[in-house]
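Just so you know, residue 1 is the first one in the sequence shown, and it goes up from there.
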Amino acid sequence: QRFFAELKRRHVFRVAAVYGAVAFVVVQVADLLQEALRLPESVLTGTAVLALLGFPLAVVLAWVYERTAQGVRKTTPAAEGELEAIVAAPAVRRWPLGLAALAGAVLTALGAWWVLGPRSAEARSYDSIAVLPFVNMTGDPEDEYLGDGMAEELLNALFRIDGLDVASRTSAFAFKGSSVGTEAIADSLGVETVLEGSVRRSPSRLRITVQLIDAETGFHVWSETYDRAPADLLDIQDDLTDQIVRALALQLGTDEGGADVERGTESAEAYDLFLQGRYFWNKRTAEDMKVAVGLFERAIAADSGYAPAYAAIADVRAVPTGWLDDPGSSLDEAERYARLALAIDPALAQAHTALAFVQMTRDLDFVAAEASFDRALELDPEYATAHQWYAELLSAIDRHTRP
């Protein structure tokens, strides 16, 4: 009782109570700011650790020092009878501060657990994800393609992971610029996790921040910030995919580490131009298709062996919005680029799909077209465009199932 009386006399209980309440609020505010400002996960973790370590320090300082009219100084010994008077006080005057101190300790521990406990990527396993378009933090509309392109390429890589359900690009990108919360987006798309990010670009630096969020709890499973030269874009793409797969804690056959990103080039310039081209291709207007072709041609000029760029031009020329004045010559060009892509990479599903579309629409050779679609889906079972165009073929021949 004398010890507890000494704790009360030295205001240790009061300091513990106030510190715990303040620490809890600070951690909650840090959590909100970390998500709103897209700060690295390490900022929030560091805040929680400091709050936790600061509690015993605050208690020790309250024991050793006291604040007086003359300033802070070492605590003086208790006067004669002072501790006895505290012990003899009614329980209603002795217990509240002790309980408040206990609450402070609990709040401090709860705040730290809030951040450090449930957020562990090893705590649970996830099998579904939606990849939202990355926010363009630069403010320049000409950089809009980069956030969309990074998200789309990452989405395509995740599609190839066995056991992982990935929301389609169309569904996920419908929330671009939306104020809808993460939980509502995940519920709408039927996924457990949501990946969101932002891109900020300058002439000399490329800053990409990515966060993987558990939709049920709202906690960040994993986040990372990349601050590198624009030439590192390809390495960032590889690193992103690998780390996200690890955070999802999936067992990928014998490899628990990650998934290969099939990008088709080692040229950062060609890859950047390809992303720009896909951005305009996805707009699907005649003018945007012309811009897309020009960008894909520049990507080929940067890397003549970049098969996806050839296949992308074939995609543009195959669909009506990408036709030139003569639809026949446009389809001829689509076939030529598709075969150029296949000469470089015979396992490129996009090229087989574009070729199949030409065989279906120009040649009306449904047998050859179906064989090409089958080959595309054999190479990439998750390729949505192949499924769509194949469905159009089956509808045209009045058959609604694959053999």
Side-chain angles (χ1 to χ4, degrees), residues 12-62 100-124 126 129-132 134-139 147 175 178-186 192-200 205-228 236 239-240 243-244 246-249:
V12 172
F13 288 151
R14 182 177 300 171
V15 169
V18 172
Y19 182 94
V22 172
F24 184 79
V25 171
V26 168
V27 170
Q28 301 311 305
V29 171
D31 188 19
L32 294 174
L33 291 178
Q34 193 264 345
E35 182 170 355
L37 302 179
R38 303 179 185 277
L39 300 173
E41 183 77 11
S42 57
V43 172
L44 184 56
T45 302
T47 302
V49 170
L50 288 175
L52 195 60
L53 296 178
F55 183 82
L57 179 62
V59 169
V60 169
L61 290 176
L102 179 61
V106 171
L107 283 174
T108 302
L110 182 60
W113 175 84
W114 184 276
V115 174
L116 303 175
R119 297 167 185 267
S120 172
E122 305 299 327
R124 58 178 291 196
Y126 305 94
I129 187 173
V131 181
L132 302 182
F134 291 6
V135 178
N136 174 23
M137 301 295 287
T138 306
F175 292 96
S178 169
S179 59
V180 178
T182 301
E183 183 178 353
I185 292 175
E192 295 176 309
T193 57
V194 173
L195 185 80
E196 60 181 19
S198 64
V199 180
R200 187 184 299 275
R205 304 302 297 171
L206 180 65
R207 184 181 180 87
I208 299 176
T209 300
V210 190
Q211 301 175 93
L212 181 65
I213 300 171
D214 182 323
E216 181 180 349
T217 64
F219 290 140
H220 294 82
V221 176
W222 165 84
S223 70
E224 189 59 76
T225 297
Y226 300 88
D227 192 0
R228 303 182 187 173
I236 292 174
D239 200 15
L240 267 176
Q243 291 201 44
I244 291 168
R246 290 178 185 277
L248 289 168

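- If you take CD on E183 and CD on E216, they are separated by 8.5 Å, rounding to the nearest 0.5 Å.
- Partners of A186 according to the side chain to side chain contact (heavy atoms under 4.5 Å, CB included) rule, which considers only residues two or more places apart in sequence or in another chain, are V191, V194, A215.
- Residues L52 and T108 meet the side-chain proximity criterion, which asks for heavy atoms closer than 4.5 Å.
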Return all side-chain donor-acceptor pairs below 3.5 angstrom for residues 16-24, not counting sequence neighbours, or 'none' if the list is empty.
from : atom 1 : to  : atom 2 : distance (Å)
Y19  : OH     : A51 : O      : 2.8
Y19  : OH     : F55 : N      : 3.4

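- Across V199 and G147, no two heavy atoms sit closer than the pair CG2-CA, 4.0 Å.
- Rounded to the nearest 0.5 Å, atoms OG1 (T193) and CG (D214) are 8.0 Å apart.
- By the side chain to side chain contact (heavy atoms under 4.5 Å, CB included) test, L53 pairs with V49, sequence neighbours left out.
- Partner E196 forms a side-chain contact (heavy atoms from CB on, under 4.5 Å) with one of L212, T182, V131 and no other, that one being T182.
- Not a single donor-acceptor pair under 3.5 Å links the side chain of R207 to the backbone N or O of T225.
- How far CZ of R200 is from CG of D227: 10.5 Å, rounded to the nearest 0.5 Å.
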